[in-house]
Amino acid sequence: MSLSKIPLAGVIGSPIAHSKSPQLHRHWLETYGIAGHYVPLDVAPDDLEQVLRTLPKMGFVGVNLTIPHKEAVMKIADLITDRATLIGAANTLIFRADGKIHADNTDGYGFIENLKAGAPDWDPKSGPAAVLGAGGAARAVVSSLLDAGVPEICLSNRTRVRAEQLQRDFGSRVKVVDWVQAGNMIDHAALVVNTTSLGMIGKGALRVPLDGLRPGTVVTDLVYAPLRTHLLETAEEMGCVTVDGLGMLLHQAVPAFERWFGQRPEVNRATRTAVLR
């Protein structure tokens, strides 16, 4: 890559100070000797489109998107991949040379790769999955689980209408459960996934009854700040196989880094250590 123009990338969210993405990409940039920068950008929803149209003029080659922008950007992007369209949300943007914004979603890829690494014995066909939340991340998780062959997904969200919309989009293998009954759907689940921000630093607690967890159940939380959430700590105490959310962050970033900086990075122990510093 020519040094005449140093490529810039970043992550847009609100809030964004908690994000570990800058540490991750900085580590890869240094590891592969690439002249580039990746920065956190706190952008309010009302300013998103103006910011996205301006960034390419400042030398940005792309950005990641997180809460609350993953679905809103679908109305802004000029080009959208099939998987982002299916999911209804995007977490990765590529700013093309012709000025167009290309939206993609790598969350599902990152989620499945993290499960493979953290729970290698998990069999998608072993039983239903219980998914908490119905936002952009949940849509990626549901899509990837259905593709992997999970027979049924029980879905619960504080606002039921959002869960029902997801059910309409993904079909009869998705069953909606009222939020007040969310604990019940865990009883027979082979996999439990929290896709909400509940349990994250600065957010409310995840107050879903967990007494239905059984030894051997795979439990994963997309929240990675803190790394060991209350959900994961409780699941571990009950003999479950737990997978933290950091691995999803690492794996979902691989395709984006490759597109922006021309190098496919490796996720290994050094990567994880660098992000946890």
Side-chain angles (χ1 to χ4, degrees), residues 11-13 21 45 48-49 52 62-96 100-116 122-125 128-157 159-177 185 189-197 220 222 245 247-260:
V11 56
I12 294 177
S21 290
L48 181 62
E49 181 166 9
L52 291 178
V63 292
N64 286 128
L65 296 161
T66 187
I67 296 171
H69 301 309
K70 291 184 177 184
E71 293 172 83
V73 75
M74 300 291 282
K75 298 179 181 179
I76 299 172
D78 303 299
L79 301 166
I80 303 173
T81 63
D82 289 342
R83 62 183 172 184
T85 300
L86 175 65
I87 293 167
N91 73 320
T92 300
L93 301 182
I94 297 99
F95 299 143
R96 297 178 11 149
K100 291 185 177 180
I101 297 174
H102 188 193
D104 194 8
N105 195 308
T106 64
D107 278 336
Y109 166 83
F111 174 74
I112 293 295
E113 289 300 307
N114 188 37
L115 268 186
K116 288 179 181 177
W122 173 68
D123 178 2
K125 298 179 176 62
V131 176
L132 301 169
R139 297 181 69 88
V141 166
V142 168
S143 176
S144 65
L145 288 177
L146 292 175
D147 284 346
V150 171
E152 181 180 86
I153 297 174
C154 295
L155 179 72
S156 189
N157 189 60
T159 305
R160 183 183 171 95
V161 66
R162 295 198 72 184
E164 291 174 339
Q165 180 59 58
L166 198 149
Q167 180 188 45
R168 285 193 291 271
D169 292 343
F170 287 97
S172 60
R173 284 158 67 193
V174 177
K175 312 294 184 184
V176 175
V177 177
M185 71 182 188
L191 171 70
V192 178
V193 188
N194 176 39
T195 74
T196 76
S197 61
T220 184
L222 270 56
M248 179 176 171
L249 171 76
L250 304 182
H251 287 286
Q252 63 81 29
V254 169
F257 188 92
E258 183 177 21
R259 290 291 298 270
W260 298 332

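Quick note: numbers below take in every heavy atom, side chains included, and nothing from hydrogens, waters or symmetry partners. What you see is a predicted model; the values in this text were computed from it and never measured.
- A distance of 5.0 Å separates CH2 in Trp122 from CD1 in Ile112, rounded to the nearest 0.5 Å.
- Residue Asn91 holds its CG atom at 12.5 Å from CD1 of Ile12, rounded to the nearest 0.5 Å.
- When side chains are defined from C-beta on, Leu191 counts as touching Val193, because their heavy atoms get closer than 4.5 Å.
- Applying the side-chain hydrogen bond (donor to acceptor under 3.5 Å, both in side chains) test to residues at least two apart or on different chains, the pairs with a partner in residues 67-76 are Lys70-Asp107, Glu71-Arg162.
- Heavy atoms only, all atoms of each residue included: Thr106 and Gln252 are closest at OG1-O, 2.7 Å.
- With contacts defined as side-chain heavy-atom distances shorter than 4.5 Å, the pair Thr220/Met248 does not qualify.
- Here the CD atom belonging to Glu49 is positioned 7.5 Å from the CD1 atom belonging to Ile101, to the nearest 0.5 angstrom.
- How far CG of Asp78 is from NE2 of His102: 10.5 Å, rounded to the nearest 0.5 Å.
- Thr81 pairs by the side chain to side chain donor-acceptor pair (under 3.5 Å) definition with Asp104, not counting sequence neighbours.
- Of all heavy-atom pairs between Ala138 and Gly133, the closest is CB-O, 3.3 Å.
- Residues Phe111 and Leu145 share a closest heavy-atom pair of CE2-CD2, 3.7 Å.
- Residues Pro68 and Pro45 come closest through the heavy atom pair CG-CG, 4.0 Å.
- For the pair Ser21/Leu249, a side-chain contact is recorded, criterion being any heavy-atom separation below 4.5 Å from C-beta on.
- For Leu86, the side-chain contact (heavy atoms from CB on, under 4.5 Å) criterion is met by Ser143, Phe170, not counting sequence neighbours.
- Scored by the side chain to side chain donor-acceptor pair (under 3.5 Å) test, Arg173 finds no partners at all (sequence neighbours excluded).
- Residues passing the side-chain contact (heavy atoms from CB on, under 4.5 Å) test with Ile67 are Ser197, sequence neighbours excluded.
- Applying the side chain to side chain donor-acceptor pair (under 3.5 Å) criterion to Asn64, with sequence neighbours excluded, gives Tyr38, Thr92.
- Not a single side chain to side chain donor-acceptor pair (under 3.5 Å) links Thr195 to another residue, sequence neighbours left out.
- A side chain to side chain contact (heavy atoms under 4.5 Å, CB included) with Leu222 is found for exactly one of Thr196, Val141, Asn114, namely Val141.
- Residue pairs meeting the salt bridge (Lys or Arg N to Asp or Glu O under 4.0 Å) criterion with at least one partner in residues 251-260, sequence neighbours excluded, are Glu258-Arg264.
- Here Ala253 pairs with Leu24, His25, Trp28 under the side-chain contact (heavy atoms from CB on, under 4.5 Å) rule; sequence neighbours left out.
- Applying the side-chain contact (heavy atoms from CB on, under 4.5 Å) rule to Ala103 yields the partners Ala77, Ile80, Ala90, Leu93; only residues at least two apart in sequence or on another chain are considered.
- With rounding to the nearest 0.5 Å, the separation of CG in Leu155 from CZ in Arg160 is 10.0 Å.
- A donor-acceptor contact shorter than 3.5 Å links the side chain of Gln167 to the backbone of Val174.
- Looking at every heavy atom in both residues, Cys154 comes nearest to Val177 through CB-CG2, 4.3 Å.
- Residue pairs meeting the salt bridge (Lys or Arg N to Asp or Glu O under 4.0 Å) criterion with at least one partner in residues 139-153, sequence neighbours excluded, are Arg139-Asp169.
- For Asn105 (side chain) and Arg83 (main-chain N/O), no donor-acceptor pair under 3.5 Å exists by modelled atom type.
- Lys116 meets the salt bridge (Lys or Arg N to Asp or Glu O under 4.0 Å) test with Glu113; sequence neighbours excluded.
- Heavy-atom minimum distance, Ala134 versus Asn157: N-OD1, 3.2 Å.
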